[in-house]
Engineer: 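One structure, pasted below without further comment.
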There are 2 protein chains.
Amino acid sequence: MDVIEQYIISKGLKPGDPLPTEARLCEDLGVSRSSVREAFRQLQALDIVAVHQGRGTFVSDMSLRPLVKSLVIRASLGTDNFTSLKEVVEIREVLDVGLARKIVESMEGTRHEELHSITDVMIAKAERGESFPDEDIAFHRGLMQSVGNALVEQLMSAMWIIHMAVLPDLPAGDQTSMIATARAHRDMLLASEAGDVEGYEAAVDAHYAPLLRTLGNLPSQQN
Amino acid sequence: MDVIEQYIISKGLKPGDPLPTEARLCEDLGVSRSSVREAFRQLQALDIVAVHQGRGTFVSDMSLRPLVKSLVIRASLGTDNFTSLKEVVEIREVLDVGLARKIVESMEGTRHEELHSITDVMIAKAERGESFPDEDIAFHRGLMQSVGNALVEQLMSAMWIIHMAVLPDLPAGDQTSMIATARAHRDMLLASEAGDVEGYEAAVDAHYAPLLRTLGNLPSQQN
DNA sequence: AAGAATTTGTCCGTATGTATC
DNA sequence: AGATACATACGGACAAATTCT
């Protein structure tokens, strides 16, 4: 495994570049095919390489999918499922709050039509009693994009995916909370465009409040 | 792999619990040793299971070590190494800023002697021109502990380990920056104990300023 | 369009190193 | 010290998928 890693780094390979075949590596490294395959499997699990039957093995894009898988399982195993989920939601909130200044700084004075239409759809759906997971993730992704940090973006998306994987159904609970959540999104957008950091932080609070209240009160459940 | 995951989840196994032996799984699932081993290798890479020769395979603690490995390689491959590293440092900063209110809230009115002695050592070392990586990680870990979110703690530690793995040497650069960084740590602590959120945020800024300046100005380098 | 070549997926059998009792 | 249980490693064979001729 380490040898292959060093190979990728030393050759400066980029995602998509092909790696030597299993047979080739057996010769070069003087090990059996099983060993090469087990090494590739580990790198595959980390999304460092991608293996395709009949084609070969390639450098992958090293996404945060492994993190998601690991944390989803972890959340499914905690004494009560909601402590783990609460930690994930808190990270989401910490990222939103921690990026407040950067986001407001880069959004101030602009107007993002696509984000506005997303929040409009959110509020409309909430008033009809529908949930809006797709709009939710799209909104947060859009906000994060403005800071120009790919890792932050992926981390936020990862936490959101974990969130939905552990608790697929309700994003908030009753319709009152859903409408409040939808409006909080709009308030976040408006505050950022207005350059109002405090307003943005308050909206983030309002955004997570109903969810955290639900998680705090909910009893434990077995899976 | 999925079958084993489901096995862990359905049986509600906790870290340390033993899994069936490879031979056993071969029979139960009707597959060969190689397949079982390759599945275990993937789960091992994700730190979901731990394999011990001569003893067996056990549920592991699902740490964020896989994330570290993945991001270290990613950072070693970016067009210039410092864009990746800068993203990691920015996440550290976002976590510190995003946790400001929670930290100050839980620290206000208390006095953490061990954290004070850490910052004292930091400042002393900085004035002697020595770096202080151990004290640095210990300090941030100690602060994070007060919020009672294990995931946040691990995420912060992971980012710090990546940081040091990619840039093992200088934490800041010249001695002036090092002293400023050391003092910023003390200011973070004092502000949190005084319940001063704005002061805490300012100290966080001062803490990361020299580092981000260095990263922003440094030219790219090959590994 | 058919067949050959390449490459990964799976399986089997055997021998070896390691930990536990 | 010996026996047992278990993972590690190797080599060979065939199947399945993809690509090339």
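Each chain gets a letter, A, B and so on, in the order its sequence line appears, and its residues count up from 1. Values in this document were obtained by computation on a predicted structure and should not be read as measured data.
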Engineer: Expected output is a numbered-order residue list: members of residues 38-48 of chain A with a heavy atom under 4.0 Å from any atom of DNA chain C. What is it?
Structural biologist: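 Within this stretch, R41(A) sit under 4.0 Å of the strand.
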
Engineer: Extract from the structure each pairing of a protein N or O with an N or O of nucleotides 2-4 of chain C at less than 3.5 Å, listing the distance.
Structural biologist:
none

Engineer: Going by heavy atoms in the side chains, are F139(B) and T119(B) under 4.5 Å from each other?
Structural biologist: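 Yes, side chains in contact.
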
Engineer: With sequence neighbours left out, write down each residue that passes salt bridge (charged side-chain N to carboxylate O under 4.0 Å, His left out) with R101(A), or none if nothing qualifies.
Structural biologist: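 Expected list: D205(B).
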
Engineer: Check salt bridge (charged side-chain N to carboxylate O under 4.0 Å, His left out) between E135(A) and all other residues, then give those that pass, not counting sequence neighbours.
Structural biologist: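 For E135(A), the residues satisfying salt bridge (charged side-chain N to carboxylate O under 4.0 Å, His left out) (neighbours in sequence not counted) are K125(A).
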
Engineer: Quick one: list whatever passes ring pair (Phe, Tyr, Trp, His ring centres under 6.0 Å) with F40(B), sequence neighbours left out.
Structural biologist: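 Partners of F40(B) under the ring pair (Phe, Tyr, Trp, His ring centres under 6.0 Å) test: none.
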
Engineer: Evaluate the ring planes of F58(A) and H52(A), with Trp represented by its six-membered ring, and classify them as parallel (under 30°), tilted (30 to 60°) or perpendicular (over 60°).
Structural biologist: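 Because their plane-to-plane angle lies in the 30° to 60° range, the rings of F58(A) and H52(A) count as tilted.
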
Engineer: Side chains of R141(A) and M156(A): does their closest heavy-atom pair fall under 4.5 Å?
Structural biologist: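 No - every pair of side-chain heavy atoms lies 4.5 Å or more apart.
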
Engineer: Which residues in residues 15-35 of chain B have a heavy atom closer than 4.0 Å to any atom of DNA chain D?
Structural biologist: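 Result for residues 15-35 of chain B: T21(B), E22(B), R33(B), sorted by number.
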
Engineer: List the residues meeting side chain to side chain contact (heavy atoms under 4.5 Å, CB included) with V72(B), not counting sequence neighbours, and say none if there are none.
Structural biologist: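 Partners of V72(B) under the side chain to side chain contact (heavy atoms under 4.5 Å, CB included) test: V68(B), S76(B), I162(B), A165(B).
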
Engineer: Kindly write out the residues that satisfy salt bridge (charged side-chain N to carboxylate O under 4.0 Å, His left out) with E130(A), not counting sequence neighbours, or none if the list is empty.
Structural biologist: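 R128(A).
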
Engineer: Is the Y208(A) ring parallel, tilted or perpendicular to the H140(A) ring (thresholds 30°, 60°)?
Structural biologist: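 Because their plane-to-plane angle lies in the 30° to 60° range, the rings of Y208(A) and H140(A) count as tilted.
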
Engineer: Enumerate the ring pair (Phe, Tyr, Trp, His ring centres under 6.0 Å) contacts for residues 87-106 of chain B, please, sequence neighbours excluded, ordered by first and then second residue.
Structural biologist: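 Matches after skipping sequence neighbours: none remain.
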
Engineer: Would you say that L67(A) contacts L155(A) through its side chain, given a criterion of any heavy-atom pair below 4.5 Å between the two side chains?
Structural biologist: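 Yes, at least one pair of side-chain atoms sits under 4.5 Å.
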
Engineer: Whether R92(A) and D96(A) form a salt bridge (side-chain N of Lys/Arg under 4.0 Å from carboxylate O of Asp/Glu) is what I want to check.
Structural biologist: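 No.
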
Engineer: Could R111(A) and E113(A) be called an ion pair, given the rule that one side-chain N must be under 4.0 Å from one carboxylate O?
Structural biologist: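 Counted as a salt bridge, because a side-chain N and a carboxylate O are separated by less than 4.0 Å.
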
Engineer: What string of B, S and - do you get for nucleotides 16-21 of chain C, 5' to 3', if B is base contact, S is sugar-phosphate-only contact and - is no contact with any protein heavy atom under 4.0 Å?
Structural biologist: -BBSS-

Engineer: Along DNA chain D, 5' to 3', what are the outermost nucleotides having an atom less than 4.0 Å from a heavy atom of chain B?
Structural biologist: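 The protein-touched segment is dC6(D) to dT8(D).
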
Engineer: Taking atom types as modelled, is there a side-chain donor on D120(A) or H116(A) under 3.5 Å from an acceptor on the other?
Structural biologist: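 Distance-only check fails for D120(A) and H116(A).
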
Engineer: Listed by chain and number, what are the salt bridge (charged side-chain N to carboxylate O under 4.0 Å, His left out) partners of E38(A), not counting sequence neighbours?
Structural biologist: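 Salt bridge (charged side-chain N to carboxylate O under 4.0 Å, His left out) list for E38(A), sorted by chain: R37(B), R41(B).
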
